[in-house]
Amino acid sequence: MAVEKIVGVETEFGIASRSPQGFDPVGSSILVINAHQKVQAVKAIWDYAGENPLLDARGFEVSGERERPSQQDNRAINKVLLNGGRLYVDGAHPEYSSPECSNPRDLVRYERAGERLLELSRAAANQAVGPEQQIYLYKNNTDGKGNSYGYHENYLMARSVPFERIVDGLTPFLVSRQIFCGAGKVGAENQTEPCAYQLSQRADFFETWIGLDTMAKRPIINTRDEPHADEEKYRRLHVIVGDSNMSEFATYLKVGTTAIVLSLVEDGVIRKDMALEDPVRAIKEISHDITCKRKVRLKRGVELSAIEIQREYLDLALEYYQTREAAPQTLDILEKWGAILDRLSEEPRSLSRELDWVIKLDLIHNYMQRKKVGFEDQRISMLDLQYHDI
């Protein structure tokens with residue numbers, strides 16, 4: 001029996017200044033998370049004792065340094081919040097980690113709360129700097145200059161489930177779910193096939209199928225093994241392949257459907273062979289097709305579109321819950337999942353009030369029609385960025 005899917009997310013925010021001259025993203029990120037006195041924090045030091053980013057879920061530990069900040073630096077870069085979340089500096093970005101949530105609807109609420117907290121902090125920080133150093137925060141995943149930063153989902157799973165089963169059952173779902181949870185992006189990056197517009201901000205940056213890294217040679221399936229729970233009973237599945245969504249609907253569907261699929265994986269009910277011939281190639285092919293009709297090749301020789309792959313998972317989920325009790329919210333997600341796939345099949349552009357990539361595309365097309373410009377116009381890239389301003 002699948003364990004209850006406790007979920008949480010970590011969102012890295014893009015940070016920029018009105019004047020890039022001499023801009024220090026690290027110092028500015030520290031300023032932001034410490035600026036707003038009304039952001040209530042627990043008077044506690046963040047405990048790094050349970051963190052080991054070198055442990056691999058495949059059963060080994062890679063070589064490397066386990067960097068831990070001094071107590072003084074720890075206080076400067078971490079703020080533990082009263083809601084159970086955390087504001088902190090990760091590399092050169094401010095980041096918000098939601099508290100653990102027992103359902104996707106609460107996750108959406110706490111994720112939005114994190115955005116509000118960071119916006120309050122940004123406004124306070126801007127009072128401390130000059131007008132030319134005003135700080136902006138973006139809930140997106142790329143700076144447009146070849147750099148990507150993450151949105152990471154975390155799901156509680158039973159340790160007894162073989163990791164190979166998770167990889168096999170989850171990969172086709174993660175590769176294809178971008179049709180409803182992609183945040184939309186103008187152009188291509190990371191030396192991928194050129195395109196005017198694509199579904200996902202992150203797809204171009206995935207270079208391997210399975211691996212431990214999160215910043216280089218990013219894998220579709222991440223193998224970090226930090227359970228933050230009883231390691232004998234549980235694992236924390238760390239999903240790094242998703243976009244940061246502005247649409248609350250897209251976040252709700254992204255987290256809700258993934259939790260459902262992981263329950264299917266745990267209970268061993270995914271018996272259909274949906275293994276992709278080349279997951280890394282497929283994630284880019286799907287992202288670069290805004291019609292959602294492009295087919296990708298499976299190992300068994302057939303070709304399916306992302307919508308068809310998602311329908312296979314939905315059918316398995318509907319069958320699964322015929323013989324199990326389902327919470328009202330689970331039933332709501334199943335209903336919305338099916339409705340979204342139907343509308344994507346009929347006309348993706350009809351989802352301009354639900355899905356980020358469609359909402360953004362609609363805004364861009366309206367602007368291009370008014371200004372008589374194309375995707376190559378620099379203002380279109382600016383509009384893409386501005387969509388994510390919190």
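Only a predicted model underlies this, so the values are computations on that prediction, with no experimental measurement involved.
Donor-acceptor pairing under 3.5 Å is lacking for the side chains of Ser247 and Asp356. Side chain to side chain, Asp389 and Gln386 meet the donor-acceptor criterion of an N or O pair below 3.5 Å. A donor atom on one side chain and an acceptor atom on the other are found under 3.5 Å apart for Arg177 and Thr258. Inspection of the Asp243 and Gln178 side chains reveals no N or O donor paired with an N or O acceptor under 3.5 Å. When only modelled atom types and interatomic distance are considered, Ser287 and Gln198 share a side-chain donor-acceptor pair under 3.5 Å. There is a side-chain donor-acceptor pair under 3.5 Å between Asn154 and Arg236.
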Please list every donor-acceptor pair under 3.5 Å in which a side-chain atom of residues 116-125 meets a protein atom from a residue at least two apart or in another chain.
unit_1: Glu119; atom_1: OE1; unit_2: Arg122; atom_2: NE; d: 2.9
unit_1: Glu119; atom_1: OE2; unit_2: Arg122; atom_2: NH2; d: 3.0
unit_1: Ser121; atom_1: OG; unit_2: Leu117; atom_2: O; d: 3.0
unit_1: Arg122; atom_1: NH1; unit_2: Ile135; atom_2: O; d: 2.7

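Proximity of Arg349 to Asp362: side-chain heavy atoms (C-beta onward) are separated by under 4.5 Å at one or more points. The shortest distance between side-chain heavy atoms of Ile380 and Asp384 does not fall below 4.5 Å. Side-chain contact check for Gln310 versus Ile340: every heavy-atom pair is 4.5 Å or farther apart. Contact check for Glu312 versus Ile309: no side-chain heavy atoms found under the 4.5 Å cut-off. With a 4.5 Å cut-off on side-chain heavy atoms, Thr257 and Leu314 do not count as touching. Side chains of Tyr321 and Ile260 form a contact here, defined as non-hydrogen atoms less than 4.5 Å apart.
Gln201 places a side-chain N or O within 3.5 Å of a backbone atom of Gly184 that can act as its donor or acceptor partner.
Under a 4.0 Å N-O distance rule, the pair Arg159/Asp225 qualifies as a salt bridge. A salt bridge links Arg311 and Asp342; the closest N-O separation between the charged side-chain nitrogens and carboxylate oxygens is under 4.0 Å. Taking a cutoff of 4.0 Å between a charged side-chain nitrogen and a carboxylate oxygen, Asp56 and Arg58 qualify as a salt bridge.
When each of Glu95, Lys139, Glu111 is tested with Tyr151 by the rule side chain to side chain donor-acceptor pair (under 3.5 Å), just one qualifies, namely Glu111.
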| message | For a side-chain hydrogen bond (donor to acceptor under 3.5 Å, both in side chains) check, start with the C-alpha distance between Asp377 and Tyr367, then their side-chain angles and the critical distance, and finish with the verdict. | response | CA-CA 11 Å; Asp377 192 288; Tyr367 184 88; 5.9 Å; no
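Cation-pi geometry between Arg18 and Tyr136 is not met: the NZ or CZ atom fails to fall both under 6.0 Å from the ring centre and inside 45° of the normal.
Ring orientation note: the planes of Trp337 and Phe180 are nearly perpendicular, at an angle over 60° on the 30°/60° scale. Ring pair Tyr149/His93 is tilted by interplanar angle, where 30° to 60° counts as tilted.
Listed by chain and residue number, His238 satisfy the ring pair (Phe, Tyr, Trp, His ring centres under 6.0 Å) test with His152 (two or more places apart in sequence, or in another chain).
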